[in-house]
Amino acid sequence: MRGGDNRTGELFSYVDLEARVGHPLRVIRAIVNEALVALEREFAALYSPIGRPSIPPEKLLRAMLLQAFYSIRSERLLMERLEYDLLFRWFVDIGVDEAPWNHSVFSKNRDRLLEGDIAAKFLGAVLAQPRVKKLLSTDHFSVDGTLVEAWASMKSVKPKDGSGEPPAPGGGRNAEADFHGQKRSNDTHASTTDPDARLYRKGQGKETKLCFMGHGLMENRHGLVVDAFLTLADGHAERVAALHMIEPRADRPQTITLGADKAYDAEDFVNELRSMKVTPHVAQNTSGRGSASDRRTTRHGGYAVSQRIEEAFGWIKTVAGQRKTRFRGRDRAGWAFTFAAAAYNLVRLPKLVAVPT
């Protein structure tokens, strides 16, 4: 018998959100809540004990994780989704009848979390949980860097000495500009929109863009990101960042390994790793020169199987929206990049660990 197309029109619902939701986010939410409990002292230090209550930082971070998981490009769209999506309301922990926040209020409250380096601490709190920590390798790692395009136009690049030509009258906010024949470098020019951004190109024949450089360290057992941060873009940033990330993990009697691509094949970098008792599994770059990686390293079977971190960067830049950052300044852009790395780990973890819900 065919059912009738009748409008229900019920005014009240007596089903709890917890009973409605059966979703893979249940496992992620359990891990997230445990990490947030561990950060209680850090949250308390960021807020005054008096005054009007703000948006709870726990709910801010849960909402920002949804923004990364579902590729939501703006806070305005995130608040719109919270208005009608019961799954989102359940994950963030706001009631069915509770109104979502204004998008500008949400953004202003989110910026407070920059002060306590909460993104890096949240990444660490996720990895420190016993059921997650036992998944991590302490012996074998991979490192890589990636370019993150800045939220600034090439038209904003002006001479630092102020000698640039004034904009043509009547050109509007986005007037045409002709850079043909001009020589611009980071020594003489800077972006007026984001002074932290640097002119950089990925390789010969590639276009120059205003960029930051993101760095990640991955453990090779299950491919989880154990460290991530953003620096200014320059030719030495990848190797300097790699040494910074691996040094705390090399402080042990046993030798560890570090896999890296050809960009890291430099004699000073390889020698520095060996001085820290880190075996450099660095891909050989023999294009017109000799490689710093010799038979001491390449003859071992582990050299050929060291993992790469491109999969994590691919997710962070495409799904989490970090290919071109929406923030200005290295601090804010770096916060978002590190937080996206934590979100990547959370997406991976349900397949690796059984968590009670």
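In this text, all values refer to a predicted model and were calculated from it rather than measured experimentally.
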Considering non-hydrogen atoms only, spot the tightest contact between R131 and K134 and give its length. O-CG, 3.6 Å
Side-chain contact test, heavy atoms from C-beta onward, threshold under 4.5 Å: evaluate it for V319 versus F69 and give yes or no. no
Run the salt bridge (charged side-chain N to carboxylate O under 4.0 Å, His left out) test against D139 and tell me which residues pass, sequence neighbours left out. R252
Is any side-chain heavy atom of V226 closer than 4.5 Å to one of N345? no
Flag side-chain contact, heavy atom, 4.5 Å: E75 against Q67: yes
Looking only at non-hydrogen atoms, find the nearest pair between G145 and Y264 and report the distance. N-OH, 3.3 Å
Would you kindly confirm whether V148 and M213 end up in one hydrophobic cluster when ILVMFWY residues are joined by side chain heavy atoms under 4.5 Å apart? no
Using a 6.0 Å cut-off, check whether atom CZ of R76 has over 12 heavy atoms from anything other than its own residue. no
Is there a donor-acceptor pair closer than 3.5 Å between any side-chain N or O of E272 and the backbone N or O of F269? no
Under 4.5 Å between any side-chain heavy atoms of D196 and D331, yes or no? no
Would you say R323's side chain and I316's backbone share a donor-acceptor pair under 3.5 angstrom? no
Do L39 and L123 sit in the same hydrophobic cluster, where Ile, Leu, Val, Met, Phe, Trp and Tyr count as joined when their side-chain heavy atoms come under 4.5 Å apart? yes
Do R81 and F88 meet the cation-pi criteria used here (NZ or CZ under 6.0 Å from the six-membered ring centre, within 45° of the axis)? yes
F337 and F229: CA distance, side-chain angles, deciding distance, ring-ring contact (aromatic ring centres under 6.0 Å, His included) verdict: CA-CA 7 Å; F337 183 83; F229 62 93; 8.8 Å; no
Determine, using the 4.5 Å side-chain heavy-atom cutoff (strictly less than), whether V240 and V143 are members of one ILVMFWY cluster. no
Do R29 and W90 form a cation-pi contact, if we require the NZ or CZ to be under 6.0 Å from the six-membered ring centre and within 45 degrees of the ring's axis? yes
Do we see a donor-acceptor contact under 3.5 Å between the side chains of S137 and N220? no
About how many Å separate CZ of F106 and NZ of K59, when rounded to the nearest 0.5 Å? 12.0 Å
Has R110 got a side-chain atom pairing as donor or acceptor with L60's backbone, closer than 3.5 angstrom? no
Under a plain distance cut-off of 3.5 Å, with no hydrogens placed, do S191 and S156 share a side-chain donor-acceptor pair? yes
Residue pair D117, T338: steps toward the side-chain contact (heavy atoms from CB on, under 4.5 Å) verdict: CA-CA 10 Å; D117 197 19; T338 303; over 6 Å; no
Interatomic spacing from CG in L273 to CG in L243 - rounded to 0.5 Å: 5.5 Å
K160 and T188: side chain donor to acceptor below 3.5 Å: no
So, N102 and S104: side-chain donor and acceptor under 3.5 Å apart, yes or no? yes
Walk me through it: do K158 and H189 pass the test side-chain contact (heavy atoms from CB on, under 4.5 Å)? CA-CA 5 Å; K158 306 292 184 185; H189 290 68; 5.8 Å; no
Under 4.5 Å between any side-chain heavy atoms of L82 and F91, yes or no? no
Please determine which of F43, F339, W335 meets the ring-ring contact (aromatic ring centres under 6.0 Å, His included) test together with F122. F339
Can you check whether G329's main-chain N or O pairs, donor with acceptor, with D194's side chain at less than 3.5 Å? yes
Where Q129 and A35 come nearest, the two heavy atoms and their spacing: NE2-N, 3.4 Å
Is there a donor-acceptor contact under 3.5 Å from the side chain of E219 to the main chain of H222? yes
Walk me through it: do E149 and L210 pass the test side-chain contact (heavy atoms from CB on, under 4.5 Å)? CA-CA 6 Å; E149 192 173 343; L210 285 167; over 6 Å; no
Atom CE in M154, atom OG1 in T193: separation rounded to 0.5 Å? 11.5 Å
If hydrophobic clusters are built from ILVMFWY residues whose side chains come within less than 4.5 Å, do L127 and V353 share one? yes
Nearest atoms (heavy-atom pairs only) where F313 meets G214: CZ-O, 4.3 Å
K317 side, atom NZ; L147 side, atom CG - distance, nearest 0.5 Å: 6.0 Å
Determine whether L199 and V157 make a side-chain contact, defined as any pair of heavy atoms from C-beta on separated by less than 4.5 Å. yes
Within the structure provided, determine whether F212 and R198 are in side-chain contact (heavy-atom separation under 4.5 Å). no
Over all atoms of both residues, closest heavy-atom pair of L25 and L66: CD1-CD2, 4.1 Å
For N33, the side-chain hydrogen bond (donor to acceptor under 3.5 Å, both in side chains) test, sequence neighbours excluded, returns R62
Run the numbers on E207 and K209 for side-chain contact (heavy atoms from CB on, under 4.5 Å), then give the verdict. CA-CA 6 Å; E207 71 275 22; K209 295 181 178 180; 3.1 Å; yes
Approximate separation, where rounding is to 0.5 Å, of L36 CG and E42 CD: 11.5 Å
Closest approach of V270 and P280, non-hydrogen atoms and distance? CG1-CG, 3.7 Å
Residue pair T146 / H215, side-chain heavy-atom distance below 4.5 Å: no
D93 meets the side-chain hydrogen bond (donor to acceptor under 3.5 Å, both in side chains) criterion, sequence neighbours left out, with none
What's the spacing between L135 CG and R348 CZ if we round to 0.5 Å? 10.0 Å
Do L352 and V126 sit in the same hydrophobic cluster, where Ile, Leu, Val, Met, Phe, Trp and Tyr count as joined when their side-chain heavy atoms come under 4.5 Å apart? yes
